[in-house]
Protein chains: 2
Amino acid sequence: MRVLLIEDDSLLGSAVRDQITADGHCVDWAKRLAEAEAFRDVAHYDLILLDLMLPDGRGLEFLRSRRAAGDQTPVMILTARDQVSDRIAGLNAGADDYLVKPFDLAELSARLGAVVRRYAGNPNPVLVLGGLTIDTAARSVLKAGRRITLTAREWVLFETLMLRPTMLHSKAQLEERLYSFEAEVESNTIEVYIGRLRKKLGHEMIETVRGIGYRLRQSESSEA
Amino acid sequence: MRVLLIEDDSLLGSAVRDQITADGHCVDWAKRLAEAEAFRDVAHYDLILLDLMLPDGRGLEFLRSRRAAGDQTPVMILTARDQVSDRIAGLNAGADDYLVKPFDLAELSARLGAVVRRYAGNPNPVLVLGGLTIDTAARSVLKAGRRITLTAREWVLFETLMLRPTMLHSKAQLEERLYSFEAEVESNTIEVYIGRLRKKLGHEMIETVRGIGYRLRQSESSEA
DNA sequence: ACCAAACTGACATGTGCCTGAACAGAAACG
DNA sequence: CGTTTCTGTTCAGGCACATGTCAGTTTGGT
């Protein structure tokens with residue numbers, strides 16, 4: 001799952017980011033609304049965490065305008081304990097949930113879990129990427145009509161690449177994502193899994209940048 | 001039972017969703033009519049909960065057009081206390097029942113139960129899925145002419161898989177559905193039930209994705 | 001041409017899943 | 001009220017497959 005965190009406080013923000021990452025999700029952290037808009041333009045998010053007390057302009061307006069534009073992305077508001085009016089206004093503006101600061105990180109995880117579950121219940125957002133149809137709910141990929149099922153590790157790896165299609169992912173980053181921070185597996189696991197993904201999805205899907213890392217090949221020939 | 005909830009208010013909507021879920025049903029929540037139409041196009045519902053005060057267009061028209069199209073799905077209207085005329089118009093337009101806001105969640109459960117009972121008395125919507133004929137009212141399955149009766153747990157599990165045929169259901173999700181949210185039991189109950197379902201319905205019906213979960217096998221062989 | 005980095009096929013291992021059986025509780029029956 | 005039957009749950013043994021490791025080969029940069 002991919003989360004957009006809009007929070008100007010560095011301490012809180014990094015704590016939240018770390019927690020969400022630890023839960024196995026993918027976070028983009030915007031400290032200002034302008035930044036958030038930029039993120040939103042280039043990526044799809046499954047959840048937005050929105051702090052209403054932001055330096056540049058009102059977060060509420062951001063929310064309202066998104067909703068007015070027909071954007072249904074679930075939004076969870078972060079608000080201080082005494083800002084009851086904010087909370088109500090937020091829900092009225094189209095927020096799905098709110099968290100009262102200071103909140104427990106465990107609580108955050110729990111709410112995230114709820115969103116994941118709710119999200120999983122909806123009709124599947126289906127992504128199309130370079131000839132592949134990605135069914136996130138089914139955790140499978142359709143390639144020329146054939147359904148390809150990925151194993152757990154393969155999926156995590158593919159999802160990581162897929163969620164940031166343009167980005168170059170170093171082997172260290174990918175390793176970190178597969179083996180949450182402990183297991184310093186000193187082997188070529190990533191290379192092996194990249195190979196397995198290529199075998200299943202097509203060799204042209206993943207590009208190697210020697211000495212740096214991997215990335216999804218940009219929807220090359222889909223137009224050609 | 002599968003319910004379509006059409007309600008734009010987040011607070012009320014989530015409360016209703018949670019209640020229905022706790023009652024052991026399956027909810028899709030649309031916040032707008034357009035969304036509701038989309039849901040309706042891809043799934044069959046046993047009950048529609050319709051709020052008449054929606055942002056985009058009149059809920060009444062939605063109801064009338066459904067009825068005009070021959071759709072017999074029971075519709076329960078959610079209406080504010082003072083909108084008596086709406087209530088009457090709703091019933092005239094083909095609604096089966098109504099709930100006056102603010103309503104008690106227990107009341108909601110009771111009405112749902114009533115619908116379930118009424119529904120059970122009606123000629124059953126019969127689903128056909130990969131060689132099986134599914135009789136939702138009788139909680140039984142016809143396989144090659146033979147009637148197979150499922151027990152309560154087996155049925156809940158099978159129904160869950162069946163209602164979202166393409167989706168991968170993790171063991172945690174299935175457990176949550178069988179034992180509404182408490183039981184942190186570390187046991188292999190789900191595995192056992194999956195096994196029993198397979199024995200009854202055919203081993204090929206349910207697919208295991210190791211480390212992730214289960215899903216109904218897409219009737220690919222029906223083409224072969 | 002040389003070296004480093006990446007690819008690939010093969011294999012050992014552990015773990016996640018399956019299954020049969022046994023047990024406990026509840027319901028059905030006399 | 002006791003017995004039987006059915007449903008739900010637990011457990012242990014076994015198996016298969018995903019996983020991680022490595023050796024040998026290929027690729028690409030300089």
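All chains are named by letter (A, B, ...) in the order of the sequence lines, taking the proteins before the strands, and each is independently numbered beginning at 1.
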Exercise. D/dT19 P sits how many Å from A/I190 CD1, rounded?
Worked result: 12 Å
Exercise. C/dC17 P sits how many Å from B/I194 CD1, rounded?
Worked result: 11 Å
Problem set entry | Donor-acceptor contact present, side-chain A/W29 to main-chain A/I6, <3.5 Å | no
For this session: Please tell me which of the listed nucleotides, D/dT9, C/dT8, C/dC18, lies nearest to the side chain of B/E191?
Result: C/dC18
For this session: Look at the side chain of A/Q173 and the backbone N and O of A/S170, then say whether any donor-acceptor pair between them is shorter than 3.5 Å.
Result: yes
Exercise. Starting at the 5' end of DNA chain D and moving along, which residue's nearest nucleotide shows up first, B/N188 or B/A152?
Worked result: B/A152
For this session: Between C/dC7, D/dT9, D/dT21, spot the one nearest the side chain of A/R198, thanks.
Result: C/dC7
For this session: Would you indicate, yes or no, if C/dG20 has its OP1 or OP2 atom less than 4.0 angstrom from a side-chain nitrogen or oxygen of B/K199?
Result: yes
Exercise. Starting at CG of B/L150 and ending at C1' of D/dT7, how long is that distance when rounded to a whole Å?
Worked result: 13 Å
For this session: Round to a whole Å and report the spacing from CD1 of A/I206 to P of C/dT8.
Result: 11 Å
For this session: Would you indicate, yes or no, if C/dA6 has its OP1 or OP2 atom less than 4.0 angstrom from a side-chain nitrogen or oxygen of A/Y214?
Result: no
Exercise. Quick one: which of D/dT10, D/dA23, D/dG8 gets closest to the side chain of B/Y193?
Worked result: D/dG8
Exercise. How long is the line joining NZ of A/K200 and C1' of C/dT8, in whole Å?
Worked result: 16 Å
Exercise. Under the 3.5 angstrom rule, does the side chain of A/D135 hit a backbone N or O of A/A138 as a donor-acceptor pair?
Worked result: yes
For this session: Return no unless some side-chain N or O of B/T208 is found under 4.0 Å from OP1 or OP2 of C/dG16.
Result: no
Exercise. Does B/T189 have a side-chain nitrogen or oxygen under 4.0 Å from the phosphate oxygens OP1 or OP2 of D/dG8?
Worked result: no
Exercise. Taking the side chain of A/R196 as heavy atoms from C-beta outward, which of C/dA6, C/dC18, D/dT19 is closest to it?
Worked result: D/dT19
Problem set entry | Among D/dT10, C/dC7, C/dT15, the nucleotide that comes nearest once only the side chain of B/R210 is considered | C/dT15
For this session: Compare side-chain N and O positions of B/K171 against OP1 and OP2 of C/dG16 and report whether any pair is under 4.0 Å apart.
Result: no
Problem set entry | Distance test, side-chain N/O of B/T151 to OP1/OP2 of D/dG8, below 4.0 Å | yes
Exercise. Of A/I212 and B/G213, whose nearest nucleotide on DNA chain C comes first from the 5' end?
Worked result: A/I212
Exercise. Salt-bridged, B/R196 to B/E154, with N to O below 4.0 Å?
Worked result: no
Exercise. What's the CH2-C1' distance between B/W155 and D/dG8, to the nearest Å?
Worked result: 19 Å
Exercise. Can you check the A/E154 CD to D/dT19 P distance for me, whole Å?
Worked result: 7 Å
Problem set entry | Carboxylate-amine/guanidinium proximity below 4.0 Å for A/E191 and A/K171 | yes
For this session: Quick one: label B/R153 by what it contacts on the DNA or RNA (base, sugar-phosphate, nothing), any heavy atom closer than 4.0 Å.
Result: sugar-phosphate
For this session: Round to a whole Å and report the spacing from CZ of B/F158 to P of D/dT7.
Result: 17 Å
Seminar exercise, completed: Taking every heavy atom of A/D8 against every heavy atom of A/K31, the minimum-distance pair comes out as CB-O, 3.6 Å
